[in-house]
> 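So that we are looking at the same thing, I have put the structure below in structure tokens.
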Amino acid sequence: MDMFVVRGGQPLAGHVRVSGSKNAALPIMAAMLAVDGPVRLHDVPHLVDVRTLLDLLTRLGLQHSRSEADQTLELEVVDTTLCLAEYDLVRKMRASICVLGPLLARRGRACVSLPGGCNIGDRPIDLHLKGLRALGAEIQIERGYIFAEARQLRGAHIFLGGPFGSTVTGTCNLMVAGALAEGTTTIESAACEPEVVDLGNFLNQLGARIEGLGTPFLRIEGVPSLNAAGDDYRIIPDRIEAATLMMAVAMTGGDIDLENVDLRPLTAVVEKLREVGVTIRAMGNRVHVSRQGALRPTDCCTLPYPGIPTDVQAQLMALLTMAEGMSVITDKVFPDRFMHAAELVRMGARIRREGPSAIISGVSRLSGANVMASDLRASAALVIAALAGEGESAIRRIYHLDRGYEQLERKLQHLGADIRRVQDCPENIPASLRPEWSEVEDAEHTEKLQQFVIPRPHLFDRSESRVQRP
Ligand code: EPU
């Protein structure tokens with residue numbers, strides 16, 4: 001297992017290119033199960049999640065080849081008899097659920113493992129199943145698997161709103177299913193995220209007839225097949241990676257240029273960053289980001305698109321730990337997505353959880369620490385906090401980060417950050433973070449730690465008369 005060792009305090013400077021979007025690439029790759037003929041996808045990021053999905057798609061009869069030279073991924077179905085998505089792969093990545101709609105629509109049946117629990121909170125798929133049932137699928141859940149069958153899906157009206165808004169991957173599943181259903185499908189309360197729009201544009205390029213993309217009301221006229229003949233399609237830039245890098249420079253100070261960024265779907269994030277004191281200027285698909293003065297506190301709430309995405313909540317929290325005053329963040333999409341808060345506290349942040357909100361009292365400095373990543377975006381939050389913190393940090397379990405950020409440490413190194421990927425073993429933990437007192441260089445810190453570790457009854461006994469000094 002790898003970890004990052006980060007020495008903080010270095011302002012970022014320079015330019016990097018933002019990769020293609022993970023959350024657009026995954027449903028588009030899965031949709032290829034419903035496509036006849038080959039497609040060449042451009043800008044598919046090199047990620048563990050992409051590799052996991054490719055493994056699953058291979059087991060479902062899809063052939064692929066990757067060209068490193070021009071960053072393309074060619075995909076084509078070669079066997080349409082396979083319909084089983086097994087637990088061993090699905091449990092590694094929830095986006096595997098995106099194969100359900102395409103399998104059912106094109107092959108008439110699907111057996112997909114239920115994805116199971118996740119560190120960011122409850123992630124049911126009831127809305128996916130409700131939508132597919134409305135299109136005529138027979139669905140049963142048995143022994144942890146979804147068994148779905150439909151000789152021919154038929155268009156229907158589907159309301160896709162749930163207690164936390166719509167569903168992104170649910171809308172993706174239903175768009176592919178509706179595209180191949182007989183007749184007209186209307187989806188009310190569809191997800192409007194740019195990644196859903198990207199899938200819709202992809203399907204339309206191959207002959208689907210989907211209208212209303214980017215709005216909560218989709219109208220889909222079913223077609224008999226989706227056909228490709230070596231079509232090319234470019235995945236949109238990753239808005240979450242762009243936002244993460246913006247927050248990194250906002251935390252460390254300095255100024256950077258980001259290439260391959262579309263700021264339009266980031267309006268809510270950009271407004272919030274400007275409010276807290278970050279300068280952001282767009283020049284075509286290049287964005288200049290800098291921060292000179294102090295960070296101001298704010299109050300913000302994550303919402304479905306076009307609101308602030310839940311996928312930047314952790315990074316925003318890291319940023320606000322260093323704002324001058326009190327901030328509040330509420331996550332309305334995943335109200336339990338706060339595991340990173342405790343790790344930020346280990347770095348000196350002051351954060352109190354109140355239900356779906358976190359109250360953050362800004363501190364003037366964070367200090368390096370041993371911290372544990374709990375999910376993809378939490379990992380990114382810890383990395384940017386470590387970049388701004390004083391001293392060294394060891395960020396463990398970064399396999400979460402590798403699922404969704406393409407070469408993040410290389411990009412940060414390119415911007416001047418002191419970050420290294422090393423094997424997670426005791427010898428690689430920076431000396432300043434090891435528990436052996438003799439190796440801790442900072443005498444003041446040693447003194448503080450020892451007061452807590454060596455039993456000293458007088459520290460806990462308020463009555464001076466009962467003090468037993470060693
Ligand atoms: N929900 C239901 N029922 C459902 C589906 C969802 O109640 O059937 C609830 C969820 O529990 C959640 C909310 O609706 O509270 C939104 O969930 P959604 O289904 O939209 O999430 P998702 O499709 O599973 C995608 C992204 C996530 C991102 C969310 C929200 C992909 C592959 N994943 O997940 O990305 O956080 O939308 O925008 O697109 C990430 O990249 O780190 C990540 C977690």
Side-chain angles (χ1 to χ4, degrees), residues 19 21-31 45 47-50 52-53 56 90 92-101 114-134 139 141 146 158-175 187 189-199 216 235-236 238-244 265 268-269 302-315 330-337 339-340 356 373-381 400-406 408:
S19 301
S21 160
K22 164 182 87 82
N23 288 349
L26 297 174
I28 287 177
M29 289 163 61
L47 300 171
V48 171
D49 272 8
V50 166
T52 306
L53 185 61
L56 177 59
V90 175
K92 289 188 187 166
M93 189 187 62
R94 295 190 53 89
S96 310
I97 195 67
C98 290
V99 303
L100 179 61
L114 278 163
C118 162
N119 282 347
I120 66 175
D122 279 351
R123 299 185 71 180
I125 54 153
D126 54 313
L127 297 169
H128 302 230
L129 303 186
K130 171 184 150 182
L132 292 172
R133 283 191 174 114
I139 298 181
I141 311 271
I146 307 159
I158 303 162
F159 178 71
L160 213 50
F164 305 99
S166 186
T167 159
V168 172
T169 48
T171 305
C172 293
N173 262 328
L174 292 170
M175 263 184 356
I187 305 179
S189 195
C192 303
E193 271 67 6
E195 296 76 17
V196 176
V197 176
D198 207 28
L199 171 66
I235 304 292
I236 55 169
D238 197 314
R239 64 190 170 115
I240 307 299
E241 186 197 329
T244 303
V269 174
T302 73
L303 288 167
Y305 190 81
I308 295 177
T310 172
D311 291 344
V312 303
Q313 181 256 104
Q315 303 91 309
T330 304
D331 199 321
K332 294 232 171 155
V333 180
F334 290 114
D336 290 320
R337 192 177 200 175
M339 283 176 81
H340 43 278
S374 55
D375 76 79
L376 168 57
R377 309 302 172 187
S379 321
H400 290 294
L401 191 121
D402 293 334
R403 292 185 48 192
Y405 285 93
E406 186 176 47
L408 185 67

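One-based numbering, in listed order, for ligands and for the atoms of each. Nothing here was measured: the structure is a model prediction, and the numbers come from that model. Residues: numbered from 1 along the sequence shown. Hydrogens, waters and symmetry mates play no part in the numbers below; they use all other heavy atoms, side chains included.
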> Contact between ligand 1 and Arg377 is defined here as a heavy atom of the residue under 4.0 Å from a ligand atom; is it met?
yes

> What part of Asp311 sits under 4.0 Å from ligand 1 if we count only heavy atoms: the side chain, the backbone, both or neither?
side chain

> Any salt bridge between Asp49 and Arg403, counting N to O under 4.0 Å?
yes

> Just distances here: any N/O of Val168 and N/O of ligand 1 closer than 3.5 Å?
yes

> Side chain or backbone of Asp375 under 4.0 Å from ligand 1, or both, or neither, by non-hydrogen atoms?
neither

> Hey, looking at atom 11 (O) of ligand 1, which of Val312, Asn173, Asp122 has the closest heavy atom?
Asp122

> Quick test of your reading of the structure: of Pro124, Gly121, Ser21, whose heavy atom lies closest to atom 5 (C) of ligand 1?
Pro124

> Does ligand 1 have a heavy atom under 4.0 Å from the side chain of Thr167, from its backbone, from both, or from neither?
both

> Does ligand 1 have a heavy atom under 4.0 Å from the side chain of Arg94, from its backbone, from both, or from neither?
neither

> I need the contact type for Arg337 against ligand 1. Using non-hydrogen atoms and a strict under-4.0 Å cut-off, is it side chain, backbone, both or neither?
side chain

> Please classify the Ser166 to ligand 1 contact at 4.0 Å (heavy-atom distances, strictly less than): side chain, backbone, both or neither.
backbone

> Select the closest option to atom 24 (O) of ligand 1 among Arg123, Gln313, Met93, Lys22, judged by heavy-atom distance.
Arg123

